[in-house]
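Right, one structure below, let's go through it.
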Amino acid sequence: MLQQRPDVRRAVEADRVHKSVYTDPAIFDLEMERIFERVWIYCGHESQVRKPGDYYTLQIGRQPMIMVRGAEGEVNVLYNRCPHRGTMLVGDRQGSTGEFFRCSYHAWTFHTDGKLKNIPMMESGYEGTRWTRENPDCNVKRAARVENYRGFVFASLAADGPTLQEYLGPAKIAFDDMCDRAPAGEVEIVPNCFRVIQNSNWKIFLENQLDALHPSVTHQSTGRAAHEVELDIAKKTGHAPLSYHMLSAFATVTIDQWDNFQTLNYPHGHCILTGYMGLRPQDRDTLDYERVLAKAYGKQRKEEILSTNIHHVLLYPGLSVQSPLQQLRAVRPLGVDKTLTEIWHFRLKGAPEPIYRRALAYYNLVNSPSTMINADDLENFWKCQQGLTADGGEWVSFHRHYGHDIARDGMVETAPGMGTSEAPMRNQMKAWAEFMDKA
Ligand SMILES: [Fe+2]
């Protein structure tokens with residue numbers, strides 16, 4: 001029976017969206033088909049698969065995929081599926097498959113570019129059948145397109161569409177900013193991530209990423225507690241470690257200050273939140289790092305790099321990047337009310353160790369299971385999902401500062417002093433409606 005397609009056009013208006021976009025399983029299926037299984041989705045960093053045969057598995061939309069380093073050094077992205085009976089070729093999240101994949105069910109083998117290597121007893125078993133070596137169905141299916149920008153690997157399951165750089169547009173600054181901060185011009189992955197299951201729709205998470213209105217509310221008690229300890233330590237020792245400031249900023253940066261930041265909203269749903277939590281102190285570690293950076297790039301370029309004014313970049317629909325702190329969150333929707341996020345962080349190649357320690361501290365302070373920051377957000381996400389499922393109303397409001405957005409050069413920026421605008425949410429839903437409208 002043909003299923004009725006949901007009417008997504010009526011669900012999105014310029015300043016509000018219907019709750020069904022967060023709760024309707026039919027809309028979720030359509031999102032997987034028309035967004036996640038078409039556009040460029042972040043797979044991972046090339047340093048996750050250093051040697052030929054190294055692989056990492058991930059989900060693109062509803063598809064289990066393998067990112068694998070090929071024999072020629074290229075990074076391939078394959079469907080995690082043996083063409084024989086459909087068995088997943090690898091069951092582990094990551095590892096090395098050596099020179100080839102070997103299906104654990106009937107020992108069919110495949111090269112790391114997906115091409116069939118061998119079927120046991122092929123001559124005797126398949127003579128006269130359609131199953132010949134020349135039949136492309138004998139190979140493991142590959143993602144239609146794979147591209148790499150500064151070490152960050154993306155795949156698209158659609159053969160047509162913009163190139164990765166065309167798709168990312170100005171939002172690719174997320175990767176430039178992160179890599180340029182490394183004296184060697186590149187980063188490498190720290191090979192473990194936090195994996196967090198959120199009991200909420202994937203869009204609720206993305207909307208939160210550039211929501212400058214929420215930190216002073218959601219994270220107020222956590223920030224205040226950190227600030228009290230910070231002041232206490234400073235009183236006793238004259239100086240509290242920067243990590244306390246990273247937490248206390250959630251409470252000490254006021255809503256007025258957040259309003260001084262700006263959001264930049266680009267086509268395809270990408271958004272940037274400018275501003276920065278004052279993480280360029282003049283301590284010895286920072287000054288050492290600045291010297292190394294100046295040696296690598298020259299003084300002027302070093303200044304340019306360190307004054308890049310970004311807090312957060314959202315690369316729609318599956319990635320949010322905090323480049324000055326070398327971390328990113330990849331979004332893997334699992335169901336209409338269940339979302340996996342993988343939170344990774346990176347080392348700046350060539351930077352002194354204390355700079356890595358600082359990024360690691362931030363990474364743990366906001367994401368680890370023992371921090372309150374992530375827990376604060378997760379509780380709100382779950383409460384959003386629960387509330388939206390109820391009959392208390394039909395619409396979600398994105399009216400804040402609506403009508404004040406400034407359109408220029410194909411993008412929309414928030415008016416000065418309106419950093420807490422809901423423009424990023426409006427921009428995401430505008431892109432969502434455009435993607436969903438394309439059959
Ligand atoms: Fe938050």
Taking side chain as C-beta onward, heavy atoms only, is [X] less than 4.5 Å from [Y]?
X: His312; Y: Val321; result: no
X: Leu157; Y: Tyr79; result: yes
X: Leu306; Y: Arg181; result: yes
X: Thr87; Y: Arg81; result: no
X: Gln386; Y: Lys383; result: no
X: Asp376; Y: Asn380; result: no
X: Thr263; Y: Cys271; result: no
X: Ser243; Y: Leu365; result: yes

| What do the steps show when you test Asn374 against Thr371 for side chain to side chain donor-acceptor pair (under 3.5 Å), and what is the final call? | CA-CA 6 Å; Asn374 199 17; Thr371 175; over 6 Å; no
| task | Kindly determine whether Glu74 and Asn76 satisfy side chain to side chain donor-acceptor pair (under 3.5 Å), including the steps that lead there. | result | CA-CA 6 Å; Glu74 81 286 7; Asn76 300 308; 3.0 Å; yes
| said: With salt bridge (charged side-chain N to carboxylate O under 4.0 Å, His left out) as the criterion, how do Glu188 and Arg50 come out once you've worked through the C-alpha distance, each side chain's angles and the decisive distance to 0.1 Å? | reply: CA-CA 10 Å; Glu188 61 184 338; Arg50 289 177 191 280; 3.2 Å; yes
Can the ring centroids of [X] and [Y] be said to lie less than 6.0 angstrom from one another?
X: His219; Y: His214; answer: yes
X: Tyr363; Y: Phe194; answer: yes
X: Trp258; Y: His311; answer: yes
X: His45; Y: Phe346; answer: yes
X: Trp202; Y: Phe205; answer: no

| query | Step by step, would you call Lys172 with Asp177 a salt bridge (charged side-chain N to carboxylate O under 4.0 Å, His left out)? | reply | CA-CA 9 Å; Lys172 69 180 192 305; Asp177 185 40; over 6 Å; no
| message | Which residue in the set Arg400, His404, Arg426, Gln262 passes side-chain hydrogen bond (donor to acceptor under 3.5 Å, both in side chains) when paired with Ser421? | response |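 It is Arg426, the one option of Arg400, His404, Arg426, Gln262 that forms the side-chain hydrogen bond (donor to acceptor under 3.5 Å, both in side chains) with Ser421.
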Which distance, rounded to the nearest 0.5 Å, do you find between the [atom1] of [X] and the [atom2] of [Y]?
X: Ile355; Y: Glu290; atom1: CD1; atom2: CD; answer: 8.5 Å
X: Thr23; Y: Asp337; atom1: OG1; atom2: CG; answer: 9.5 Å
X: Arg9; Y: Asp437; atom1: CZ; atom2: CG; answer: 4.0 Å
X: Tyr167; Y: Tyr316; atom1: OH; atom2: OH; answer: 8.0 Å
X: Met67; Y: Gln94; atom1: CE; atom2: CD; answer: 9.5 Å
X: Tyr42; Y: Leu168; atom1: OH; atom2: CG; answer: 12.0 Å

Minimum-distance pair of heavy atoms, taken over all atoms of [X] and [Y]:
X: Thr112; Y: Gly70; value: OG1-CA, 3.4 Å
X: Leu348; Y: Tyr289; value: CD1-OH, 3.7 Å
X: Ala330; Y: Leu319; value: CA-CD1, 3.9 Å
X: Val75; Y: Val146; value: O-CG1, 3.8 Å
X: Val153; Y: Glu46; value: CG2-N, 4.1 Å
X: Asp160; Y: Arg145; value: O-NH2, 3.1 Å

| query | Would Ser96 and Asp54 count as a side chain to side chain contact (heavy atoms under 4.5 Å, CB included) if you check the C-alpha gap in whole Å, the side-chain angles of each, and the deciding distance to 0.1 Å? | reply | CA-CA 4 Å; Ser96 172; Asp54 286 357; 3.6 Å; yes
Could you tell me if [Y] and [X] have a donor-acceptor pair between their side chains, going purely by distance under 3.5 Å?
X: Asn367; Y: Tyr362; value: no
X: Trp395; Y: Glu13; value: no
X: Ser20; Y: His18; value: yes
X: Arg329; Y: Gln209; value: yes
X: Thr420; Y: Asp259; value: yes

| request: Decide side chain to side chain donor-acceptor pair (under 3.5 Å) for Asn201 and Gln385; before the verdict, give the C-alpha distance in whole Å, the side-chain angles of both, and the deciding distance to 0.1 Å. | output: CA-CA 7 Å; Asn201 186 267; Gln385 191 71 34; 5.2 Å; no
| said: If you apply the rule salt bridge (charged side-chain N to carboxylate O under 4.0 Å, His left out), what do you find for Arg347 with Glu353, and how did you get there? | reply: CA-CA 9 Å; Arg347 265 178 199 273; Glu353 183 68 11; 3.1 Å; yes
Within a radius of less than 6.0 Å around [atom1] of [X], do more than 12 heavy atoms belonging to other residues, nucleotides or ligands occur?
X: Tyr244; atom1: OH; value: no
X: Arg224; atom1: CZ; value: no
X: Glu72; atom1: CD; value: no

| field | Short side-chain to backbone donor-acceptor contact, Lys203 and Val21, under 3.5 Å | value |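 Such a contact is found between Lys203 side chain and Val21 backbone.
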| Residue among Asn427, Asp405, Ile272 satisfying side-chain contact (heavy atoms from CB on, under 4.5 Å) with Asn265 |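 Passing option: Asn427.
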| message | With side chain to side chain contact (heavy atoms under 4.5 Å, CB included) as the criterion, how do Arg332 and Thr341 come out once you've worked through the C-alpha distance, each side chain's angles and the decisive distance to 0.1 Å? | response | CA-CA 6 Å; Arg332 317 283 185 205; Thr341 53; over 6 Å; no
| task | Any chance you could lay out the side chain to side chain contact (heavy atoms under 4.5 Å, CB included) test for Val412 and Ile406, step after step, and finish with the verdict? | result | CA-CA 5 Å; Val412 168; Ile406 302 166; over 6 Å; no
| request: Describe, in one word, how the ring planes of Trp344 and Tyr56 are oriented to each other, choosing from parallel (under 30°), tilted (30 to 60°) and perpendicular (over 60°). | output: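 The arrangement is perpendicular - the two ring planes meet at more than 60°.
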| request: In sequence, state the C-alpha distance, the side-chain angles, and the governing distance for Arg16 and Val396, and then conclude on side chain to side chain contact (heavy atoms under 4.5 Å, CB included). | output: CA-CA 6 Å; Arg16 63 176 194 172; Val396 170; over 6 Å; no
| task | Could you walk me through whether Tyr22 and Glu207 pass side chain to side chain donor-acceptor pair (under 3.5 Å), step by step? | result | CA-CA 12 Å; Tyr22 303 90; Glu207 285 158 11; 2.7 Å; yes
| said: The test is salt bridge (charged side-chain N to carboxylate O under 4.0 Å, His left out); show your working for Arg34 and Asp29 and say whether it passes. | reply: CA-CA 9 Å; Arg34 294 189 174 172; Asp29 283 344; over 6 Å; no
